[in-house]
Amino acid sequence: MKSIGILGVGQAGGNIADVAANLGFQTALVNTNQRDGLANTGVVKKYFVPGYNGAGQDRSIGIKAVNDNSQDIIGFVKQSFKNIKLLLVAFSTDGGTGSGMSPLLIKLLLDQLPGINIGAIAIVPEQNVLAGNRINAAECIEELSEIEKISSVFLVDNDQIRKMNPQSSKHQIYLSANNQVMEAINYVLEVTQNSSIYGNFDETDLMRILNTRGVTIISSAAITDAKTMEETCSKIHQSLENSVFCPIESAIPIRAGLIYEGSENMSKLINVPSVFERIGEPLQLFEGTYSSDSEPTVTTILAGLSFPTNRLLSFEQSLEKNKDRLQSLMKKEHTQKYESRISTSYNLKPKKHPGPISKDRFPE
Ligand SMILES: Nc1nc2c(ncn2[C@@H]2O[C@H](COP(=O)(O)OP(=O)(O)OP(=O)(O)O)[C@@H](O)[C@H]2O)c(=O)[nH]1
Ligand SMILES: [Mg+2]
C-alpha cells in the first residue's frame with residue numbers, strides 16, 4: 001500500500017486523482033459539481049457538497065462550501081485514507097471550487113488529522129488566462145503560502161507543458177501535466193522500495209524531504225549521451241528548467257534528494273558539488289544509487305524552495321496594468337442596463353428619453 005494519498009478537489013484535482021488511482025495511489029475527491037466528479041471513474045470515494053452545482057470560478061463559493069460542511073468533509077477524508085504518511089491535496093488555483101476550498105480544507109485537516117502530513121499539488125494556469133483566473137490564482141497561492149504546518153507544495157505549471165509542446169490542445173496539456181506530476185511523485189515513492197548496496201534512498205528519506213515546508217520540484221534527466229561531468233550537470237539543470245513544475249527562480253532548497261538509476265559506470269559522471277553549485281547547497285541531501293540495465297537517469301528532488309515570485313508577479317503586473325479597465329468592467333456589471341426606445345415612441349410607457357427610433361437598430 002502506498003504511503004502517499006491523493007485528494008482531488010474541483011475538476012482539475014479530480015482529474016489528477018484519477019491518474020493517481022490508475023497508478024495505485026489511495027485516492028478520493030471532493031467537488032461542488034457532481035457531473036465533473038462522476039467523470040473521474042478511477043476514483044471510487046467521492047464527496048459532492050450538497051446543494052451546490054459548481055462554483056463558477058467564484059472562490060468565495062468554494063470557501064463557503066467548506067465552512068458549511070467542514071465536519072462532513074473531514075469525516076469523509078478520514079474514512080477514505082488508511083495508513084498514509086502524507087496526503088497531497090490536488091486542485092487548480094484559478095477556478096472556484098478547488099482554489100477556494102483547498103487552502104482552508106488543508107488548514108482544517110492539519111488540525112484534525114494529527115499524524116498525517118499534508119501538502120498540495122496546486123496547478124498554476126497558463127499566462128494567457130483571463131483576469132478573473134489570475135486573481136483567483138494569486139489569492140489561492142497567497143493563502144497556501146501562509147499555512148504554517150503545510151508540507152511540500154508542488155506547483156504544476158501548465159505553461160511549462162505549453163512551452164515544450166506549443167501546438168497542443170488544452171486537453172492534451174492538462175492530460176500531459178496530470179500524468180507527468182503523478183509519474184514524478186510515483187517514481188520517487190517506488191524507488192524507496194528498491195534496495196541497493198551502493199546507497200539506499202528509503203521512505204524515511206523521502207518523507208523527510210517531502211515534509212519540508214515550501215515549494216518542491218522533482219525532475220528526471222536521462223544522461224545516456226553525456227560524456228563528461230559538466231554535460232551530466234547541465235542535463236540535470238536542464239531537466240529542472242523543463243519539468244512540469246514552475247521552474248526555480250533563485251532560492252536555495254532546504255532539503256534535496258539525488259537518485260541515480262543505471263549502469264555503475266555512468267554514475268561516475270555525477271559530481272554532487274557541481275550540481276548544487278548553481279542551485280545552492282541545501283541543509284541536507286539524501287542520495288540513492290541503483291544499479292540497473294535501464295537508461296541512466298538522475299532524478300532530483302528539491303524541497304523548501306520559495307514561491308516563484310517572478311512567475312506570480314507577472315500575473316499581478318498584468319492585472320495592475322489593466323486595473324482601470326478591469327475596475328470599470330466590474331462596475332459595469334452593476335450599472336449597465338438597456339433602455340428600449342420603442343415603448344416610449346409608441347407611448348406604451350411614460351416617456352424617458354424621447355427620440356426617433358434609429359433605422360440602423362431596427363432595419364426594415
Ligand atoms: N493541469 C491541469 N489543469 C487543469 C485541468 N483541468 C482544468 N485545469 C486548469 O484549471 C482551471 C479550471 O479549474 P477547474 O479545476 O475546472 O475549477 P474548479 O475547481 O472545478 O472550480 P469551478 O469550475 O469554478 O467550480 C483551468 O483554467 C486550467 O488552468 C487538468 O485536468 N489538468
Ligand atoms: Mg469545475
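We're numbering straight along the sequence, starting at 1. In listed order, ligands and their atoms are each counted from 1.
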> Between V156 and ligand 1, does any nitrogen or oxygen pair lie at a separation below 3.5 Å?
no
> Are side-chain heavy atoms of T192 and F201 found at a separation under 4.5 Å?
yes
> What protein heavy atom lies closest to atom 14 (P) of ligand 1? Include the residue and the distance to one decimal.
S92 OG, 3.5 Å
> Which is closest to atom 25 (O) of ligand 1 by heavy-atom distance: T32, I16, T97?
T97
> At less than 4.0 angstrom from any non-hydrogen atom of G10, what atoms of ligand 1 do you find?
19 (O), 20 (O)
> Can a non-hydrogen atom of I123 be found less than 4.0 Å from any atom of ligand 1?
yes
> Are any of the side-chain nitrogens in R59 or E142 under 4.0 Å away from the carboxylate oxygens of its partner?
no
> Quick test: of every protein heavy atom, which one is nearest to atom 19 (O) of ligand 1, and how far off is it to 0.1 Å?
G98 N, 2.8 Å
> For ligand 1, is there an N or O atom under 3.5 Å from any N or O atom of A55?
yes
> Do any nitrogen or oxygen atoms of D58 come within less than 3.5 Å of a nitrogen or oxygen of ligand 1?
no
> What protein heavy atom sits nearest atom 32 (N) of ligand 1, and how far off is it?
N178 OD1, 2.8 Å
> When you check the gap from the basic side-chain N to the acidic O, do E190 and K2 get nearer than 4.0 Å?
yes
> So do the side chains of Y187 and I218 get within less than 4.5 Å of each other, counting heavy atoms only?
no
> As a check for students: among L175, D94, V181, N133, identify the option with a heavy atom nearest to atom 11 (C) of ligand 1.
D94
> Which ligand 1 atoms, with their elements, are less than 4.0 angstrom from a heavy-atom of A177?
1 (N)
> So is there a nitrogen or oxygen of N15 less than 3.5 Å from a nitrogen or oxygen in ligand 1?
yes
> Which value, rounded to the nearest 0.5 Å, describes the distance between L7 atom CG and L105 atom CG?
6.5 Å
> Under 4.0 Å from any heavy atom of Q11, which atoms of ligand 1 are there?
15 (O), 16 (O), 18 (P), 19 (O), 20 (O)
> Heavy-atom contacts with G96 under 4.0 Å: which atoms of ligand 1 show up? List them by number with element.
21 (O), 22 (P), 24 (O)
> Listed by chain and number, what are the ring pair (Phe, Tyr, Trp, His ring centres under 6.0 Å) partners of F76, not counting sequence neighbours?
Y47
> Taking the side chain as C-beta and beyond, is there a heavy-atom pair between I135 and E139 under 4.5 Å?
yes
> Considering all heavy atoms of both residues, which atom of N200 and which atom of D205 are nearest to each other, and what is their separation?
O-OD2, 3.6 Å
> Where on N31 is there a heavy atom closer than 4.0 Å to ligand 1, on the side chain, on the backbone, on both, or on neither?
neither
> What atoms of ligand 1 come closer than 4.0 angstrom to any heavy atom of P125?
29 (O)
> Could you check which of G100, A12, G8 puts a non-hydrogen atom nearest to atom 6 (N) of ligand 1?
A12
